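Excluded from the calculations below are hydrogen atoms, water molecules and symmetry mates; all remaining heavy atoms, backbone and side chain alike, are included. Ligands are counted one by one from 1 in listed order, and the atoms in each one are counted from 1 as well. Position 1 is the first residue of the sequence; numbering continues from there. What you are looking at is a predicted structure, and each value in this text was computed from that prediction instead of being measured.
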Amino acid sequence: MGEWVNGDPMAKIIDGKAIGQAVRDEVAREVTRLKETGVVPGLAVVRVGDNPASAIYVRNKRKACEQAGIHSEEHDLPELTDMPALLGLVERLNRDPRIHGILVQLPLPKGLDEKAVLRAVDPAKDVDGFHPFNAGRLLSGDPSLVPCTPLGVLRMLKEAGVPLAGQEAVVVGRSNIVGKPMALLLLGENCTVTICHSRTRDLPAVCRRADILVAAVGRAEMVRGDWVKDGAAVIDVGINRLPDGKLVGDVAFEEARARAGWITPVPGGVGPMTIAMLLSNTVRAARSTL
Ligand code: NDP
């Protein structure tokens with residue numbers, strides 16, 4: 001349970017920046033070891049068109065790679081790139097021995113077949129974990145490269161000491177990127193898992209059952225304080241920009257904090273973990289070539 005502040009029980013804040021930094025330090029040590037065996041882990045980021053949000057992510061990824069000693073390269077293709085050109089680049093990167101991880105920045109411009117592009121990435125280099133082969137491995141209880149955001153969430157829960165086995169976990173959101181893999185990871189930890197989505201009946205009541213509540217919806221502050229069970233761990237994956245420019249999550253933070261046992265802030269929660277786990281997956285992919 002949380003600490004007492006001004007006589008009220010308040011949730012412990014799970015600090016994604018600090019845990020993410022610890023992961024990045026681990027990665028940097030592993031990179032040093034790999035370099036001693038002659039392997040420099042390499043990540044290629046493919047971006048099509050100039051979505052400004054992606055530009056910021058790509059810049060942050062490059063900086064994080066540099067700090068960890070990972071070789072990184074960016075491939076920026078014009079907005080009007082066609083499928084053969086994009087698939088040709090992915091094929092070249094699949095064959096390039098200096099590259100251990102390939103990340104195709106989503107969303108792709110309209111007209112490009114996202115699923116076909118993700119399927120073209122060599123599953124051994126699929127550091128986003130979006131290839132159907134890696135999704136299937138996670139589903140069958142034999143995970144290999146797992147999507148970075150849910151992997152980061154699991155790491156946060158473990159680092160915070162949140163009990164998992166036998167607990168009720170509710171995941172709001174069923175995307176292939178966050179919700180579904182999150183639910184599978186929690187199932188792998190022996191949680192009893194419920195997945196909710198836009199058609200779920202009485203969402204607040206389902207959320208109130210959760211010992212672990214993960215919100216991955218993309219709706220500013222949708223999860224209210226009275227949706228949170230006393231003492232629950234509340235993980236906010238959402239990143240939403242309000243009209244005044246402020247960044248908020250999918251959870252009404254102050255309300256939820258008064259009920260929860262643990263909670264992640266936005267920003268400074270899940271976000272920094274995603275990049276850290278991307279580096280970790282890249283090193284994992286490089287290690288598996290030894
Ligand atoms: P998607 O839009 O792909 O999925 C959203 C999910 O939320 C869908 O399953 C949708 O249901 C569900 N949903 C939408 N409205 C409601 C509602 N009113 N009630 C219940 N469920 C609802 O988003 P992502 O999974 O890609 O991302 C979710 C959020 O996480 C976004 O804010 C995104 O920015 C953020 N994000 C953050 C990352 C990080 O690093 N911190 C990384 C990735 C994402 P249905 O399937 O029925 O449509």
Side-chain angles (χ1 to χ4, degrees), residues 13-21 23-24 45 51-61 63-64 103-108 114-115 118 127-130 135 138 146-157 169-186 193-210 213-224 226-228 234-242 245-253 263-281:
I13 308 282
I14 308 180
D15 183 346
K17 265 195 187 158
I19 302 171
Q21 189 56 54
V23 171
R24 286 156 67 148
V45 177
N51 176 340
S54 310
I56 297 170
Y57 291 136
V58 170
R59 201 176 326 128
N60 288 341
K61 282 170 189 164
K63 263 206 318 224
L103 182 152
V104 180
Q105 192 69 45
L106 302 180
L108 290 172
E114 221 160 78
K115 284 194 176 136
L118 296 180
V127 284
D128 255 340
F130 296 160
L138 178 59
V146 173
C148 303
T149 301
L151 195 59
V153 169
L154 185 61
R155 176 75 185 247
M156 293 174 101
L157 288 167
V170 172
V171 179
V172 191
R174 57 173 162 181
S175 71
N176 290 331
I177 293 172
V178 189
K180 273 189 227 163
M182 185 75 253
L184 289 167
L185 284 175
L186 291 166
V193 183
T194 303
I195 307 177
C196 302
H197 45 77
S198 64
R199 308 286 284 274
T200 297
R201 247 187 302 131
D202 200 356
L203 184 60
V206 181
C207 290
R208 273 193 286 273
R209 293 206 314 251
L213 178 59
V214 181
V217 183
R219 286 177 168 251
E221 301 179 322
M222 184 185 84
V223 175
R224 309 308 308 187
D226 64 358
W227 299 23
V228 174
V234 178
I235 306 291
D236 192 350
V237 180
I239 303 176
N240 311 286
R241 199 170 285 282
L242 297 179
K246 190 174 170 224
L247 272 191
V248 297
D250 290 343
V251 176
F253 181 81
I263 193 165
T264 64
V266 176
V270 176
M273 292 303 295
T274 298
I275 287 196
M277 299 325 282
L278 172 68
L279 303 181
S280 168
N281 274 352

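In this structure, Ala216 is part of the shell of residues with a heavy atom less than 4.0 angstrom from ligand 1. By the 4.0 Å heavy-atom criterion, Cys196 is excluded from the residues contacting ligand 1. The shell of residues lying under 4.0 angstrom from ligand 1, judged by heavy atoms, includes Met222.
Checked by atom type and distance alone, the side chain of Arg208 pairs as donor or acceptor with a backbone atom of Asp226 at under 3.5 Å. For Thr200 (side chain) and Leu203 (main-chain N/O), no donor-acceptor pair under 3.5 Å exists by modelled atom type. Between the side chain of Glu114 and the backbone N or O of Leu108, at least one donor-acceptor pair lies under 3.5 Å. Without hydrogens or angle criteria, Asn240 side chain to Gly249 main chain gives a donor-acceptor distance under 3.5 Å. In this structure, Thr264 contributes its side chain and Asp236 its backbone to a donor-acceptor pair below 3.5 Å.
Across all their heavy atoms, Ala220 and Leu242 have their closest contact at CB-CD2, 3.9 Å. Between Gly129 and Pro147, the shortest heavy-atom contact is O-CG, 3.6 Å.
The side chain of Arg219, and not its backbone, has at least one atom closer than 4.0 Å to an atom of ligand 1 (non-hydrogen atoms only; side chain from C-beta on). Of all the heavy atoms of Val217, the ones lying under 4.0 Å from any atom of ligand 1 are found in both the backbone and the side chain.
Distances from atom 35 (C) of ligand 1 to the heavy atoms of Leu278, Val237, Asp250 show the closest one on Val237. Closest heavy-atom approach to atom 1 (P) of ligand 1 among the candidates Pro107, Gly152, Ser175: Ser175.
Close approach of ligand 1 to Gly173 is summarised as follows: ligand atoms under 4.0 Å from at least one heavy atom of the residue are 6 (C), 7 (O), 9 (O). For ligand 1, the atoms lying closer than 4.0 Å to a non-hydrogen atom of Leu203 are 19 (N), 20 (C). If you number the atoms of ligand 1 from 1 as listed, the ones under 4.0 Å from a heavy atom of Gly271 come out as 40 (O), 41 (N). The distance from ligand 1 to the heavy atoms of Thr274 drops below 4.0 Å at these ligand atoms: 39 (C), 40 (O).
A distance of 7.0 Å separates OG1 of Thr274 from CD1 of Ile239, quoted to the nearest 0.5 Å. One finds the CE atom of Met273 at 12.0 Å from the CD1 atom of Ile275 (value rounded to the nearest 0.5 Å). Note that CG of Leu138 is 4.5 Å distant from CG of Leu184, once rounded to the nearest 0.5 Å.
Of the protein's heavy atoms, His197 O, 3.2 Å lies nearest to atom 20 (C) of ligand 1. Atom 47 (O) of ligand 1 has its closest protein heavy atom at Ser198 OG, 2.5 Å. Here the heavy atom of the protein found nearest to atom 46 (O) of ligand 1 is Arg174 NE, 2.7 Å. Nearest to atom 43 (C) of ligand 1 among the protein's heavy atoms is Val178 CG2, 3.8 Å. Of all protein heavy atoms, the one closest to atom 42 (C) of ligand 1 is Thr149 OG1, 3.2 Å. The closest protein non-hydrogen atom to atom 31 (C) of ligand 1 is Gly218 CA, 3.6 Å.
At a 3.5 angstrom cut-off on N or O pairs, Arg199 does not count as close to ligand 1. Of the polar atoms of Ile239, at least one N or O is found under 3.5 Å from an N or O of ligand 1, judged by distance alone.
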Step-by-step side chain to side chain contact (heavy atoms under 4.5 Å, CB included) determination, Ile177 to Phe130: CA-CA 7 Å; Ile177 293 172; Phe130 296 160; 3.7 Å; yes

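Counting non-hydrogen atoms of neighbouring residues, nucleotides and ligands closer than 6.0 angstrom, the CZ atom of Arg219 reaches no more than 12 such neighbours.
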